[in-house]
Enquirer: 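Dropping the structure in here first, questions after.
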Amino acid sequence: MEENKKPLHVGIIMDGNGRWAVSRGKKRSYGHNAGSANVDRIVTHAFQNGIKTLTLYAFSAENWARPQEEVDELMRLLKVYFKKFIKKIIKNKVRLFVMGDLTKLTDDLQKTIKECMDASAQYTEHVLNIAINYGGRQEIVYAVNRLIKKGQEITVDGISQELYTAQFGEPDLIIRTGGEMRISNFMLYQGAYSELYFTDVLWPDFSETELDKALESFVGRKRRFGKI
Ligand code: FPP
């Protein structure tokens, strides 16, 4: 069996911001700022290395339970990120998509996200998909409910087609930084056959070289999709 080609769709669970900051004697928010700065670096490198779709887990449906100050800082960083994104849409030709239940976000953030999504919808070469107030279980329930509302039978393919990511396909590779070896409700349905890559490197330290290591690991694997 041939080795893999490079992955086209990569998902990243960006973990470890808090520990990165605490180990420097700083507040967790400091780590989220550093993590946010790292997003652009990795997005650029990913798109330069043949990845077409990059899905980033920025805020889980469970993250609301964090201290309010931390939630506020993450929402502020996301807003800053999208405002900057708007300015660069034409130059970068990257399509932005945000998946999750966005109704819980402030009106202002929802509006900014919609502007980014609408203004970049015509680009097909690269997709940056950011998961906000996202949970994989919630997404499956959302997809099934959509099928029920349409009066359609619940099938494996039917659910796939109603997921947020239906148009972007399934991730070939899911990377988790920060040392934990779990999926934490990320892309549960579409990740059924994704290759997994775990690294102890904390997200703010996850450099271009670290991404290269993950991509090399993927290329060296044999995917069987349940077959022999
Ligand atoms: C996990 O680290 C990280 C998050 C919950 C948020 C990820 C957010 C960013 C990288 C910044 C904003 C994102 C974008 C797309 C601009 P943690 O806080 O769980 O770290 P810990 O495990 O060390 O506590």
Side-chain angles (χ1 to χ4, degrees), residues 10-47 51 53-89 92 94-102 104-106 108-110 112-117 120 126-136 164-165 171 174-187 198-208 210-211:
V10 174
I12 307 185
I13 303 172
M14 308 179 289
D15 197 13
N17 294 344
R19 279 166 287 157
W20 185 90
V22 170
S23 73
R24 284 162 175 75
K26 307 271 191 189
K27 284 168 81 173
R28 294 174 55 83
S29 294
Y30 182 75
H32 294 312
N33 277 268
S36 187
N38 198 35
V39 167
D40 263 343
R41 190 158 67 131
I42 292 304
V43 169
T44 304
H45 192 64
F47 290 155
I51 294 170
T53 304
L54 185 64
T55 295
L56 301 178
Y57 204 1
F59 193 91
S60 78
E62 291 74 31
N63 283 155
W64 298 106
R66 293 190 174 203
Q68 192 59 42
E69 187 191 357
E70 186 172 340
V71 171
D72 290 347
E73 181 60 7
L74 282 166
M75 291 298 147
R76 188 189 71 78
L77 286 168
L78 286 167
K79 196 156 88 187
V80 168
Y81 188 82
F82 294 127
K83 294 264 185 211
K84 276 203 214 146
F85 193 95
I86 289 181
K87 296 196 183 129
K88 294 186 289 187
I89 283 175
N92 290 348
V94 170
R95 176 171 180 193
L96 183 95
F97 192 84
V98 177
M99 68 169 182
D101 175 6
L102 305 187
K104 262 189 117 180
L105 308 181
T106 62
D108 187 33
L109 185 52
Q110 287 186 48
T112 308
I113 289 171
K114 190 174 180 314
E115 276 169 22
C116 286
M117 284 177 51
S120 65
H126 296 297
V127 178
L128 176 59
N129 177 33
I130 299 190
I132 302 178
N133 192 22
Y134 171 85
Y164 295 125
T165 54
I174 295 177
I175 298 169
R176 181 174 188 143
T177 66
E180 312 285 3
M181 291 211 244
R182 52 177 172 261
I183 281 296
S184 299
N185 210 9
F186 182 64
M187 300 189 101
F198 297 101
T199 171
D200 287 339
V201 175
L202 304 174
W203 173 251
D205 290 330
F206 188 80
S207 60
E208 290 96 334
E210 296 298 334
L211 178 59

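Just follow the structure's listing: the first ligand is 1, and inside any ligand the first atom is 1.
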Enquirer: Find all atoms of ligand 1 within a distance of less than 4.0 Å from any non-hydrogen atom belonging to G35, and give their numbers and elements.
Expert: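 So the answer, numbered in order with elements, is 10 (C).
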Enquirer: If we set the cut-off at 4.0 Å for heavy atoms, which region of M75 has an atom near ligand 1: side chain, backbone, both, or neither?
Expert: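 Neither part.
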Enquirer: Just let me know how W203 lines up against ligand 1, side chain, backbone, both or neither, with a heavy-atom cut-off below 4.0 Å.
Expert: side chain
Enquirer: What residue and atom, counting heavy atoms only, is the protein's closest point to atom 17 (P) of ligand 1, and at what distance?
Expert: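 Here the nearest protein heavy atom works out to D15 OD1, 3.5 Å.
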Enquirer: Among the heavy atoms of G16, does any lie under 4.0 Å from an atom of ligand 1?
Expert: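 A heavy atom of G16 does come that close to ligand 1.
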Enquirer: In the protein, which heavy atom is nearest to atom 6 (C) of ligand 1, and how far is it?
Expert: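 Going atom by atom, the protein heavy atom closest to atom 6 (C) of ligand 1 ends up being A58 O, 3.2 Å.
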Enquirer: Measuring from atom OG of S29 to atom CG of N17, what distance do you get when rounded to the nearest 0.5 angstrom?
Expert: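 Here the interatomic distance stands at 10.0 Å.
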Enquirer: On a heavy-atom basis, I'd like to know which of K84, R66, E70 is closest to atom 18 (O) of ligand 1.
Expert: R66
Enquirer: Going by the atom numbers of ligand 1, which of them fall below 4.0 Å from some non-hydrogen atom of S36?
Expert: 11 (C), 16 (C)
Enquirer: Heavy-atom distances under 4.0 Å are what count here, so tell me which part of R28 touches ligand 1: side chain, backbone, both or neither.
Expert: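 Side chain only.
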Enquirer: In the protein, what heavy atom is nearest to atom 13 (C) of ligand 1, and what distance, to one decimal place, separates them?
Expert: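 It is L78 CD2, 3.9 Å.
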Enquirer: Under a 4.0 Å N-O cut-off, is there an ion pair linking R28 with E73?
Expert: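 A salt bridge is absent here (no side-chain N lies under 4.0 Å from a carboxylate O).
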Enquirer: Give the residue, atom name and distance (to 0.1 Å) of the protein heavy atom nearest atom 1 (C) of ligand 1.
Expert: M14 O, 3.1 Å
Enquirer: In terms of ring plane angle, is the pair W64 and F59 parallel, tilted or perpendicular, where the classes change at 30° and 60°?
Expert: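 W64 vs F59 ring planes: perpendicular.
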Enquirer: If you measure from each non-hydrogen atom of L74 to ligand 1, which part falls under 4.0 Å: side chain, backbone, both or neither?
Expert: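 L74 to ligand 1: side-chain contact only, backbone stays beyond 4.0 Å.
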Enquirer: Is there a side-chain contact between L105 and I132 in this structure, where contact means two heavy atoms from C-beta onward sitting under 4.5 Å apart?
Expert: yes
Enquirer: For N17 and ligand 1, does the shortest N/O to N/O distance drop below 3.5 Å?
Expert: yes
Enquirer: Which atoms of ligand 1 sit under 4.0 Å from any heavy atom of Y81?
Expert: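 With Y81 as reference, the close atoms of ligand 1 come out as 16 (C).
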Enquirer: State whether a side-chain donor-acceptor pair under 3.5 Å links W203 with D15.
Expert: no
Enquirer: Quick check against the 3.5 Å criterion: does Y164 have a side-chain atom that pairs as donor or acceptor with the backbone of A131?
Expert: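 Side chain of Y164 to backbone of A131, a donor-acceptor pair under 3.5 Å: no, none is there.
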Enquirer: Does G18 reach ligand 1 with a nitrogen or oxygen that is under 3.5 Å from one of the ligand's nitrogen or oxygen atoms?
Expert: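 It does: an N or O of G18 is found under 3.5 Å from an N or O of ligand 1.
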Enquirer: Look only at the side chain of R19 and the backbone of G178, and say whether a donor-acceptor pair between them is shorter than 3.5 Å.
Expert: yes
Enquirer: With a 4.5 Å limit on heavy-atom distance, are the side chains of I130 and L96 in contact?
Expert: yes
Enquirer: If you apply the rule side chain to side chain contact (heavy atoms under 4.5 Å, CB included), what do you find for I175 with F198, and how did you get there?
Expert: CA-CA 6 Å; I175 298 169; F198 297 101; over 6 Å; no
Enquirer: Is there a side-chain hydrogen bond (donor to acceptor under 3.5 Å, both in side chains) between N185 and Y134 once you walk through the steps?
Expert: CA-CA 8 Å; N185 210 9; Y134 171 85; over 6 Å; no
Enquirer: Just need the protein heavy atom nearest to atom 21 (P) of ligand 1, so name the residue and atom and give the distance.
Expert: R19 NE, 3.5 Å
Enquirer: Does N63 approach ligand 1 within less than 4.0 angstrom via side chain, backbone, both or neither, non-hydrogen atoms only?
Expert: side chain
Enquirer: Using a 3.5 Å distance criterion without hydrogens, assess whether the side chain of N38 forms a donor-acceptor pair with backbone atoms of G35.
Expert: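 Side chain of N38 to backbone of G35, a donor-acceptor pair under 3.5 Å: no, none is there.
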